[in-house]
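First comes the structure, then the notes that go with it.
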There are 2 protein chains.
Amino acid sequence: MTNTEPRRRNRRGEGGKLREEIIEAALALLDEGGDERAVTLRSVARKVGIAAPSIYPHFADQPSIMLAVVQGEMAKLATVLHEAAQNAEQDGRSQLFAVCNAYLDFAREHPQRYRIMFGGLWTPSVEDTSITDADLESLGVDAFTLLAGVLGKCVEEGIAHRSDDLYGDSVALWLGLHGLAHQRAVVRKMPGPDDVGDRLITALAHLK
Amino acid sequence: MTNTEPRRRNRRGEGGKLREEIIEAALALLDEGGDERAVTLRSVARKVGIAAPSIYPHFADQPSIMLAVVQGEMAKLATVLHEAAQNAEQDGRSQLFAVCNAYLDFAREHPQRYRIMFGGLWTPSVEDTSITDADLESLGVDAFTLLAGVLGKCVEEGIAHRSDDLYGDSVALWLGLHGLAHQRAVVRKMPGPDDVGDRLITALAHLK
DNA sequence: GACATAAGCTAACGCCCGTAAGTTGACGAG
DNA sequence: CTCGTCAACTTACGGGCGTTAGCTTATGTC
């Protein structure tokens, strides 16, 4: 599990590579089934094959690593959703279901990652961490914007009932998806029928 | 913060009282704004005013304390929902909104508790904890049953569209509520309009 | 008042953690 | 070839944690 190789030092100017390796190590620790508590400076260092203090030049503290992880995963999620929209039939309904199901699939395939992306960066007080509120607020905007766009397309096509507040409806739709995704990520066996996802989407998108 | 009083020993046969005090201390630690990591055997002991090893006669380990906390809070939640249903007008629609809003209020008033009730007991492997799957599966059934009952009443009264699967619809409704409640509990400032809750309820209950 | 025992305490072990301070060694410029 | 410096290392300190083993003391009974 832990690398025993002495690890080849990076070339000059390539010190930044280690930053990527640290993030990947943190991801690996999560995927191995641990929760965020399994990601400590020391465990990450062990995984990468470096000494713990060698992390400092790249990250101020453990929350910073987590933030980087989450930012990376949010980008991946946005990409996945985008691809889903493009690969689907180009009508609103197909795209909506494609995007929503891609979202749910992402969460199902990486439960630990998902838990951290939405809620794992929570900290008692803002003071004792290097993460700012701005960091947190900018998370996930891309993915959400895409979702809202697809929902808007449905309204334009007349598939979904028009409402006075597309943004609010998009939030509601996302909250529904999130509820399901999070619950799946947190519970070993999810109760309820298999098509809960479709029901949520249909109801929250106000599909006709 | 920490009790300095030497704490009067419990009477003979009343040793069980300490169990309740431990649970209350854990709750207090949570409410003070810490996350579940703040609830350690030692911190709980400090809060109660006892020595750490004195916990062992009452709880096998930290997860056991958390389980007891969650069970207690689930009971409270069920009570709150029940009261909401009784105090509301006795028609389905009023009761539905009363129960759902009571749920959301509970989560808003006790974010830390809510986070632990739904997801905080997650552990990497079942092996290294004294919590069983049965413990987890029985959590929250009362509250859910109540919700499903009220939704059923709406269907009977013809307020909500009849579907072939009341249970599935109830799960979907709860998932929506949970998505909102959880997100509020995890984020400092929740985006979206103020009436997202009502939108979720209306859409997921299929109100006419 | 003696005494059995429930209720809780003290002390100590080993582990893992974050982090500070100083050190080594390879690379690349001059 | 020399030498600065970047990348990473070693060592070490202090602190919190869970847990074990054995001790103290109040309480209620006889």
Side-chain angles (χ1 to χ4, degrees), chain A residues 1-26 29 32 34-67 123-125 127-131, chain B residues 1-26 29 32 34-67 123-125 127-131:
Chain A
M1 195 107 318
T2 306
N3 287 338
T4 51
E5 298 279 326
R7 173 193 163 82
R8 291 188 66 93
R9 177 188 306 238
N10 281 321
R11 298 259 183 76
R12 281 242 174 153
E14 294 184 347
K17 275 188 182 175
L18 186 51
R19 186 189 158 88
E20 295 307 314
E21 292 184 58
I22 290 171
I23 296 179
E24 284 168 22
L29 284 169
E32 279 167 19
D35 58 351
E36 60 195 304
R37 284 192 303 276
V39 182
T40 66
L41 290 186
R42 287 183 121 111
S43 69
V44 169
R46 273 194 299 270
K47 195 85 187 174
V48 179
I50 60 175
S54 303
I55 294 181
Y56 284 106
H58 304 282
F59 295 97
D61 47 18
Q62 190 262 8
S64 303
I65 302 182
M66 292 317 253
L67 175 61
T123 31
S125 58
E127 293 83 31
D128 49 25
T129 182
S130 56
I131 299 181
Chain B
M1 196 110 314
T2 304
N3 288 340
T4 50
E5 298 281 324
R7 176 196 159 79
R8 290 187 66 92
R9 179 194 302 239
N10 279 319
R11 299 262 182 74
R12 281 240 176 154
E14 294 183 347
K17 276 188 180 171
L18 186 50
R19 187 189 158 89
E20 295 308 312
E21 292 184 57
I22 290 170
I23 296 178
E24 284 168 22
L29 284 168
E32 279 167 19
D35 58 352
E36 61 195 300
R37 283 193 303 277
V39 182
T40 67
L41 289 187
R42 287 183 120 109
S43 69
V44 169
R46 274 193 298 269
K47 195 84 186 174
V48 180
I50 60 175
S54 302
I55 293 181
Y56 284 104
H58 303 283
F59 294 97
D61 47 18
Q62 191 262 6
S64 303
I65 302 181
M66 293 316 250
L67 175 61
T123 31
S125 58
E127 293 82 32
D128 48 26
T129 182
S130 57
I131 298 182

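Just so it is clear, the values below take in all heavy atoms, side chains as well, and ignore hydrogens, waters and symmetry mates. Please read all numbers here as calculations on a predicted model, not as lab measurements. Here is the naming used below: chain letters follow the sequence lines, and residue numbers restart at 1 for every chain.
- To the nearest 0.5 Å, atom CG of residue A/Leu41 and atom CD1 of residue A/Ile65 are 5.0 Å apart.
- In this structure, the CD atom of B/Gln62 is 18 Å from the P atom of D/dG16, given to the nearest Å.
- Taking atom CD1 of A/Ile50 as the reference point, atom P of D/dC9 lies 6 Å away to the nearest angstrom.
- Scanning for salt bridge (Lys or Arg N to Asp or Glu O under 4.0 Å) contacts around A/Asp35 gives A/Arg37, with sequence neighbours left out.
- Taking atom CG on B/Asp61 and atom P on D/dC17, their separation rounds to 16 Å, with Å as the unit.
- The separation between A/Ile55 atom CD1 and C/dA20 atom C1' is 15 Å, rounded to whole Å.
- For B/Tyr56 and D/dC17, the OH to P distance is 12 Å, given to the nearest whole Å.
- The phosphate of D/dA7 has neither OP1 nor OP2 within less than 4.0 Å of any side-chain N or O from A/Ser54.
- A distance of 11.5 Å separates CD1 of B/Ile55 from CD of B/Glu21, quoted to the nearest 0.5 Å.
- Taking CE of B/Met66 as the start and CD1 of B/Ile23 as the end, the distance is 11.5 Å to the nearest 0.5 Å.
- Remark: the backbone N or O of A/Ala38 is paired with a side-chain donor or acceptor of A/Ser43 at under 3.5 angstrom.
- Put simply, CZ on B/Arg19 is 17 Å from C1' on C/dA7, counting in whole angstrom units.
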Under 3.5 Å, which protein N or O atoms sit close to an N or O of nucleotides 11-16 of chain C? Give each pair with its distance.
none

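- At whole-Å resolution of the value, CG in A/Leu41 and C1' in D/dG16 are 16 Å apart.
- Per the geometry, NE2 belonging to A/His58 stands 7 Å off P belonging to D/dA7, to the nearest Å.
- In this view, B/Ala51 and B/Pro53, B/Ser54 satisfy the side chain to side chain contact (heavy atoms under 4.5 Å, CB included) rule, not counting sequence neighbours.
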